[in-house]
Number of protein chains: 2
Amino acid sequence: MNVLEKIVNNVTNFSKSERKVADVILANPQVSIHSSIATLAKMANVSEPTVNRFCRRLDTKGFPDFKLHLAQSLANGTPYVNRHVEEDDGPEAYTAKIFESTMAALDTARQRVDINTINRAVDVLTQAKKISFFGLGASASVAHDAQNKFFRFNVPVVCFDDIVMQRMSAINSTEGDVVVCISHTGRTKNLCDIATIARENDATVIGITSYDSPLAKECTLVLSLDVPEDTDMYMPMASRVAQLVLIDILATGFTLRRGSKFRENLKKVKDSLRGSRFDRKDFNN
Amino acid sequence: MNVLEKIVNNVTNFSKSERKVADVILANPQVSIHSSIATLAKMANVSEPTVNRFCRRLDTKGFPDFKLHLAQSLANGTPYVNRHVEEDDGPEAYTAKIFESTMAALDTARQRVDINTINRAVDVLTQAKKISFFGLGASASVAHDAQNKFFRFNVPVVCFDDIVMQRMSAINSTEGDVVVCISHTGRTKNLCDIATIARENDATVIGITSYDSPLAKECTLVLSLDVPEDTDMYMPMASRVAQLVLIDILATGFTLRRGSKFRENLKKVKDSLRGSRFDRKDFNN
DNA sequence: GGTTAAGTGTTGTAAAATTACATATATTTT
DNA sequence: AAAATATATGTAATTTTACAACACTTAACC
């Protein structure tokens with residue numbers, strides 16, 4: 001939790017004078033980080049040691065350390081303390097909030113993701129005879145995206161968003177095949193079935209899902225993100241972005257494993273698009 | 001540009017002693033921000049004023065101000081100075097780099113996006129008789145995702161990733177229909193055609209694409225992101241994440257316009273999933 | 001080889017932060 | 001309700017820190 005949030009959360013625990021300090025800082029955080037303890041004390045109409053004590057209460061070593069933490073909280077502009085979108089937010093507010101909460105979600109995802117599992121997943125993927133990506137609902141588009149990345153690698157890739165096709169595909173899988181099941185909650189019954197079926201047919205199942213979910217139990221390898229879905233109650237947002245980044249990471253790991261010759265191949269794939277595009281020269285005329 | 005990058009870029013302009021300082025800071029940035037000017041000077045084997053001059057060369061007011069800037073650069077952990085994935089990066093390195101570059105891309109997207117256009121786009125979308133999302137290649141999955149969001153709003157939504165279907169759909173569009181064309185480069189000929197056709201049939205065309213691209217010229221409204229695609233040359237990564245966030249923003253704007261009663265509706269959509277899921281109780285047994 | 005300029009270090013001082021202590025205010029106990 | 005205790009806040013002194021001014025060193029150039 002960053003200092004700014006900490007101040008807001010602790011506002012009730014503060015004493016009268018400390019609260020004055022909190023108010024001043026929250027009102028002009030950008031000014032605060034460039035002020036000395038003396039000027040800040042004056043602004044809040046308290047003594048200097050009070051400011052100092054305030055800093056310590058927030059688990060910082062002292063005023064300079066506090067300013068450091070505050071500066072970090074403000075690193076990306078002045079963030080909304082409350083990132084939840086609210087009824088009366090204007091376009092500016094909700095735009096900023098969604099960007100911020102998505103970035104925050106990616107940040108926690110980065111901290112929580114298990115590098116070791118990623119590495120093993122890349123291992124498995126590079127050795128796969130066939131790779132299948134399955135997702136339902138919002139996760140279906142993530143699966144599509146994954147397909148779009150991995151087909152470039154000249155590996156057989158399939159991607160279905162239709163349960164029946166998924167089932168048939170899963171039943172047909174064999175040893176050496178890799179099935180990637182994508183689900184934020186990990187509670188979608190149909191997808192859990194797919195994982196079970198695939199495993200029964202000796203495929204390796206990678207789950208991009210929540211740790212400790214029913215789906216996770218069915219997987220050989222679980223890449224859990226556990227992003228707090230905090231922007232909107234009714235639509236998956238940040239979770240799905242994190243999933244996509246994870247796909248990017250797996251794809252990158254894949255290309256790195258394959259070495260530099262392989263990258264030539266990617267270039268060819270990209271170049272193949274040329275005919276379908278306006279190139280820059282055409283356009284500048 | 002953040003201070004850390006600035007140091008790296010200016011490393012040639014530094015004097016011998018200043019370079020020593022730069023090296024020490026780059027080697028242990030986290031330590032640096034918690035050190036006094038004296039200890040840092042000792043670490044670098046230079047005098048205190050040299051450290052001070054070093055700070056000023058980087059356009060900071062002095063050492064404390066420099067530390068503030070440095071702290072902000074390090075706000076999200078110790079970032080890789082070079083975010084480009086390299087041949088010999090291990091899983092840890094490329095994972096961190098991709099997360100970081102994605103977050104950086106979102107940050108620039110946030111700064112560059114035009115709130116006013118977003119607001120107008122939301123306007124148009126809320127009044128649409130029908131909304132169509134079209135994208136090709138990597139942008140197709142973004143279009144799918146958009147469909148997944150907007151269909152919840154009880155508005156007719158279509159989404160095709162097939163050029164022929166797209167064309168037919170575009171030709172059938174009429175006044176009051178909104179067509180959203182998604183393309184990072186904005187140079188995909190087929191998609192430009194779609195935009196043209198839709199406009200000819202009096203539909204409103206929103207482009208999620210690069211400013212100043214051929215596609216942009218064909219659109220009624222252009223939501224440009226202009227994210228530097230810096231992670232990988234051969235695959236779209238950050239750009240597509242930014243597009244998704246933009247979709248989230250439009251969807252959120254949409255729900256806010258519709259007011260609180262409308263949100264009940266969203267809840268119903270979400271609740272409808274319940275039957276297809278393991279609920280938490282089932283699972284805990 | 002001397003002159004100039006840029007770079008670097010030493011000393012001293014002003015400012016800033018923190019400690020220790022004193023006073024005021026609230027809280028509990030009798 | 002008054003005394004006792006604990007908590008909160010401020011004052012003054014101390015210590016730490018950053019910076020300016022000056023002196024010295026090194027490199028560059030004529």
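Just so we're on the same page: letters track the sequence lines, and every chain starts at 1.
Computed from coordinates, the Arg19(B) CZ to dT26(D) P distance equals 20 Å when rounded to whole Å. One interatomic measurement links the two molecules: CZ of Arg53(B) to C1' of dA21(D), which rounds to 11 Å at whole-angstrom precision. Rounding to whole angstrom units, NZ of residue Lys20(B) and C1' of dG9(C) are separated by 11 Å. When rounded to the nearest whole Å, the span between CG of Asn52(B) and C1' of dA21(D) equals 13 Å. Note: CG (Leu40(B)) to P (dC19(D)) measures 13 Å, nearest angstrom. In this entry the distance linking NZ of Lys42(A) with P of dA16(C) reads 10 Å, nearest Å. Rounded to a whole Å, the CD1 atom of Ile37(B) is 13 Å from the C1' atom of dT16(D). Rounded to whole angstrom, the span from the CZ atom of Arg56(B) across to the P atom of dA18(D) amounts to 12 Å.
Checking dA18(D), dG9(C), dA12(D) against the side-chain heavy atoms of Pro49(A) singles out dA12(D) as nearest. Comparing dG10(D), dA17(C), dT17(D) against the side chain of Lys67(A) picks out dA17(C) as the nearest. Of the listed nucleotides (dT18(C), dT8(C), dC19(D)), dT8(C) has the atom at the smallest distance from the side chain of Lys16(B). Which of dG7(C), dT18(C), dT9(D) sits closest to the side chain of Ser15(A) comes down to dT9(D). When the nucleotides dA18(D), dA12(D), dA16(C) are ranked by their closest atom to the side chain of Glu48(B), dA18(D) comes out on top. Between dG9(C), dA17(C), dA18(D), one nucleotide has an atom nearer to the side chain of Ser47(B) than all others, and that is dG9(C).
Classification of Arg53(B) and Glu18(B) as a salt-bridged pair fails, no side-chain N sitting under 4.0 Å from a carboxylate O. A salt bridge links Arg110(A) to Asp107(A): one of the charged nitrogens lies within less than 4.0 Å of a carboxylate oxygen.
Checking Ser47(B) against Thr50(B) by side-chain atom types alone, a donor-acceptor pair falls below 3.5 Å.
Residue Thr50(A) places at least one side-chain N or O closer than 4.0 Å to OP1 or OP2 of dG10(D). Between Ser17(A) and dT9(D) there is a side-chain N or O to OP1 or OP2 distance below 4.0 Å.
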Practice task
List the steps and the verdict of ring pair (Phe, Tyr, Trp, His ring centres under 6.0 Å) for Phe63(B) and Phe54(B).
Solution key: CA-CA 9 Å; Phe63(B) 184 68; Phe54(B) 170 86; 9.5 Å; no

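Contact between Asp145(A) and Ala138(B) at its shortest, heavy atoms only, is OD1-O, 4.2 Å.
Using a 4.0 Å heavy-atom criterion, one finds that Val46(B) contacts the sugar-phosphate atoms exclusively.
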